[in-house]
Amino acid sequence: MNRLTDLKFLFTAVAILEFFYFAAAMLPPSLIPVATGWNLSPDGHWIAKLIGLSLGTMGYMAWIFRKKPHLGVAKGLAFYQMASATMDWVMWLVMKDEGIFNNSLAETTVIAAIVSHYFFGILLIIAINKAKTDG
């Protein structure tokens, strides 16, 4: 459990996770449905690219600070992980009749996103509290 709540490890893990989201978002529009199962409109593809750039930037920031994690950055990463997981399940429920998640691959990617973001968010919160009490 010590390794899982080490900020250096978590910053590296978050950087890698967000890089994969960035890479998926940067795929050509014809490949996004194949890779993710998402049925996006042209506007959806544009928004995916914008969000992908943001996720890539966040992953890069986590990568930059991985050797000497900053608590302020850790708090921002934890907030994003928890908020993202929450937004994923809320939007999944709200958009269930819109056809965006109407196949098993899309549902699998959303479930994986929800689980992974809550997992890393909780670990970051534990690590932040541990770092505060340690030093």
Side-chain angles (χ1 to χ4, degrees):
M1 184 67 167
N2 262 356
R3 178 142 172 98
L4 285 177
T5 57
D6 175 62
L7 284 174
K8 291 178 183 181
F9 170 78
L10 287 169
F11 271 51
T12 302
V14 167
I16 292 167
L17 174 70
E18 300 308 333
F19 171 77
F20 281 111
Y21 285 119
F22 164 76
M26 293 301 115
L27 289 171
S30 62
L31 292 180
I32 288 180
V34 175
T36 66
W38 301 342
N39 235 345
L40 300 178
S41 69
D43 286 342
H45 286 286
W46 176 69
I47 291 169
K49 301 290 184 239
L50 291 174
I51 292 171
L53 288 172
S54 298
L55 296 177
T57 302
M58 182 173 43
Y60 182 62
M61 294 303 292
W63 186 257
I64 290 171
F65 285 101
R66 75 189 184 284
K67 292 183 180 175
K68 192 171 180 188
H70 185 278
L71 279 182
V73 175
K75 290 175 185 177
L77 292 174
F79 172 79
Y80 169 77
Q81 297 299 321
M82 300 302 286
S84 176
T86 303
M87 186 56 64
D88 280 342
W89 69 259
V90 167
M91 292 309 293
W92 188 18
L93 293 177
V94 169
M95 297 181 74
K96 68 181 175 186
D97 296 329
E98 301 294 321
I100 188 171
F101 306 116
N102 64 351
N103 61 64
S104 61
L105 179 58
E107 287 186 355
T108 301
T109 58
V110 172
I111 291 168
I114 293 166
V115 170
S116 65
H117 285 302
Y118 275 137
F119 178 74
F120 284 116
I122 290 167
L123 290 177
L124 280 161
I125 291 168
I126 293 168
I128 291 164
N129 288 329
K130 184 176 143 187
K132 284 181 183 177
T133 60
D134 289 347

Exercise. Got a donor-acceptor contact below 3.5 angstrom from the Asn129 side chain to the Ile125 backbone?
Worked result: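 Here the side-chain-to-backbone pair exists.
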For this session: Spell out, as yes or no, whether a donor-acceptor pair under 3.5 Å connects the side chain of Ser84 to the backbone of Gln81.
Result: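 No; judged by distance alone, with no hydrogens or angles, the pair does not exist.
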For this session: With sequence neighbours left out, write down each residue that passes ring pair (Phe, Tyr, Trp, His ring centres under 6.0 Å) with Phe65, or none if nothing qualifies.
Result: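 Per chain and number, Phe65 pairs via ring pair (Phe, Tyr, Trp, His ring centres under 6.0 Å) with no residue.
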For this session: Taking ring pair (Phe, Tyr, Trp, His ring centres under 6.0 Å) as the test, write out the residues that go with Tyr80, two or more places apart.
Result: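 Only His117 meet the ring pair (Phe, Tyr, Trp, His ring centres under 6.0 Å) criterion with Tyr80.
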Is there a side-chain contact between [X] and [Y] (heavy atoms, below 4.5 Å)?
X	Y	value
Trp92	Ile114	yes
Leu53	Met26	yes
Leu55	Leu17	no
Lys49	Ile32	yes
Tyr118	Met82	yes
Tyr21	Ser116	yes
Ile64	His70	no

Do [X] and [Y] sit in the same hydrophobic cluster, where Ile, Leu, Val, Met, Phe, Trp and Tyr count as joined when their side-chain heavy atoms come under 4.5 Å apart?
X	Y	value
Val110	Phe20	no
Phe120	Phe79	no
Phe119	Leu77	yes
Phe9	Leu71	yes
Leu105	Ile111	no

To the nearest 0.5 Å, what is the distance between [atom1] on [X] and [atom2] on [Y]?
X	Y	atom1	atom2	answer
Phe11	Ile16	CZ	CD1	14.0 Å
Phe22	Tyr60	CZ	OH	12.5 Å
Leu7	Lys68	CG	NZ	13.5 Å
Ile122	Leu4	CD1	CG	12.5 Å
Thr5	Ile128	OG1	CD1	11.5 Å
Leu40	Ile47	CG	CD1	9.0 Å

For this session: Identify the two heavy atoms, one from Gly59 and one from Ala15, that lie closest to each other, and give their separation to 0.1 Å.
Result: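 Gly59 and Ala15 have their closest heavy atoms at O-CB, 3.3 Å.
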Problem set entry | Audit row: Val14, Leu124, side chain to side chain contact (heavy atoms under 4.5 Å, CB included) steps and yes/no | CA-CA 10 Å; Val14 167; Leu124 280 161; 4.1 Å; yes
